[in-house]
Amino acid sequence: MTLGQNIPHIGMRTVKTAVAVMVSYVIFAPSGLLYNESYPGVLGYIGPLYACIAGIVCMQNTVEQTLKSGLSRFLGVLIGAVLGLFLLVIEPFLHHWALTAAMLGLVCVAGIWVCTLLKRPNACVMACIVPCVMVIAGNVPGGERFYYGLARVVETLTGAGVALIINTLLPTRAPVQEAPEDAPAGGSEGETDGRERMEPDRAAQPGLHDYRLAGMSVDYPAGEIRLGLRSPQGGTEYTMVIRRFQSFSASRELPWGEGVYISSSTIQRMDENSCLLELELNSGDRIAVRYAG
């Protein structure tokens, strides 16, 4: 394994995220919307920060995933703003800090419950953060916190919209180096279901960045694991056959949402007799295979 193989590849998702952040900032900065308190009403609380954050969080590998992430974040902010406004209305009646603490807890429970009811678990975080900030923020006067909530909704909607537009306009995948022509194909067509053969060594960075995981099978008696992979350039399909596997683990908890594209891939030698192949998907899940070799 060479040093160059360990240098991470800059993929199109990285490029599009950077563009989304720049565009989100430019939308607000030229007109002076940088949380300028001299501006009247809600304009004094609008700026690019939450738009940039939304652009980063919502940018995914595909337009569909970006739309789904954007809707979840916007919904979370909207629910949080409504709950925050409710707290501001009843705040004058909360004459003790213990009552305020109890209401903050109840509001978080309500936010998570509503997001779960709407089947938007990724919206839960913002549904809890926004009302807490609206009530606790010491630098925002009482009546002005209504403007604060509205400003967060506007910024989030802007950032999510920018991420969706950028993901639609820019190419979905960056060109990735294909397997060398002299790489051993190995096996017959039947062994790889008509797909081209790929060796596990291709997992060395940046070998599998942006490849799509199309399938996975385990043949325990034979000691083989097969990964179906689809190239981001041209859609060429490969089968990676990992022989003599010693241990295997795969998660599907989807901490970052649905995703089947490989964000990073590494392969390292564990000892004289075994190697460890690890894949991280854009869902945040990991696949790890230790095999003899």
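What's counted below: heavy atoms across the whole structure, side chains too, no hydrogens, waters or symmetry copies.
- In this structure a side-chain-to-backbone donor-acceptor pair under 3.5 Å is missing from Y39 to I46.
- Residues R13 and N282 form a side-chain contact, since some pair of their non-hydrogen atoms from C-beta on lies under 4.5 Å apart.
- Heavy atoms only, all atoms of each residue included: M59 and A163 are closest at CE-O, 3.5 Å.
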Stepwise side-chain contact (heavy atoms from CB on, under 4.5 Å) test for F248 and I287: CA-CA 8 Å; F248 166 72; I287 297 173; 4.0 Å; yes
Check: residues 113-127 side-chain donor-acceptor pairs under 3.5 Å, at least two apart:
residue : atom : partner : partner atom : Å
T116    : OG1  : I112    : O            : 2.7
R120    : NH1  : K68     : O            : 3.4
R120    : NH1  : S72     : OG           : 3.3

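- Ring geometry for Y45 against Y148 counts as perpendicular: the plane angle is over 60°, on a 0 to 90° scale with 30° as the lower cut.
- No side-chain heavy atom of V260 sits under 4.5 Å from any side-chain heavy atom of S283.
- Using a 4.5 Å heavy-atom cutoff, the side chains of L227 and V289 are not in contact.
- The CD1 atom of I166 sits 10.5 Å away from atom OG1 of T17, with the distance rounded to the nearest 0.5 Å.
- With values rounded to the nearest 0.5 angstrom, S264 atom OG is found 8.0 Å from L279 atom CG.
- There is no path of hydrophobic side-chain contacts, each under 4.5 Å, that joins M270 to I267.
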Verdict with reasoning, V135 to M103, per side-chain contact (heavy atoms from CB on, under 4.5 Å): CA-CA 10 Å; V135 172; M103 289 307 302; over 6 Å; no
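- Within the 3.5 Å criterion, the main-chain N or O of R286 finds a donor-acceptor partner in the side chain of S251.
- Note on I90: it clusters hydrophobically with L104, by side-chain heavy-atom contacts below 4.5 Å among ILVMFWY residues.
- With contacts defined as side-chain heavy-atom distances shorter than 4.5 Å, the pair L213/L229 qualifies.
- Residues I225 and Y220 are members of one and the same hydrophobic cluster, defined by side-chain heavy-atom contacts under 4.5 angstrom among Ile, Leu, Val, Met, Phe, Trp and Tyr.
- A side-chain contact (heavy atoms from CB on, under 4.5 Å) with S31 is found for exactly one of L33, L34, I27, namely L33.
- If you take CZ on F28 and CG on L43, they are separated by 10.5 Å, rounding to the nearest 0.5 Å.
- Contact of the D210 side chain with the I262 side chain is not registered, since no non-hydrogen atoms from C-beta on lie closer than 4.5 Å.
- Follow the hydrophobic side-chain contacts under 4.5 Å out from V107 and you reach I136 in the same cluster.
- For N273 (side chain) and A292 (main-chain N/O), no donor-acceptor pair under 3.5 Å exists by modelled atom type.
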Full working for side-chain contact (heavy atoms from CB on, under 4.5 Å) between V154 and T158: CA-CA 6 Å; V154 172; T158 301; 4.3 Å; yes
Residues E196, Y238; criterion side-chain contact (heavy atoms from CB on, under 4.5 Å); working and verdict: CA-CA 5 Å; E196 293 190 33; Y238 297 89; 3.7 Å; yes
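- Within the model, atoms OG1 of T156 and CG of L75 stand 11.5 Å from one another, a figure rounded to the nearest 0.5 Å.
- Nearest heavy-atom pair across I242 and P200 is CG1-CG, 4.2 Å.
- Counting all heavy atoms, side chain and backbone alike, G159 lies closest to S24 at CA-OG, 4.1 Å.
- Evaluation of the salt bridge (Lys or Arg N to Asp or Glu O under 4.0 Å) test over residues 92-101, restricted to residues two or more places apart or in two chains, returns none.
- Residue L281 comes nearest to S263 through the heavy atom pair C-OG, 3.6 Å, listed as atom of the first residue, atom of the second, then distance.
- Across all their heavy atoms, S69 and C58 have their closest contact at OG-CA, 3.3 Å.
- Both L88 and I129 belong to a common hydrophobic cluster when Ile, Leu, Val, Met, Phe, Trp and Tyr are linked at side-chain heavy-atom distances under 4.5 angstrom.
- Taking 4.5 Å as the limit, every side-chain heavy atom of K16 sits out of range of all side-chain heavy atoms of T14.
- For the atom pair CG of D219 and CZ of R243, the computed distance is 11.0 Å after rounding to the nearest 0.5 Å.
- Here CZ of F245 is found 9.5 Å from CD of E224. Values are rounded to the nearest 0.5 Å.
- The two atoms that bring P48 and Y35 nearest to each other are N-OH, 3.8 Å, heavy atoms only.
- No side-chain heavy atom of V77 sits less than 4.5 Å from a side-chain heavy atom of Y50.
- Under the 3.5 Å distance criterion, with hydrogens and angles disregarded, a donor-acceptor pair is assigned to the side chains of S274 and R290.
- Proximity of I53 to R73: side-chain heavy atoms (C-beta onward) are separated by under 4.5 Å at one or more points.
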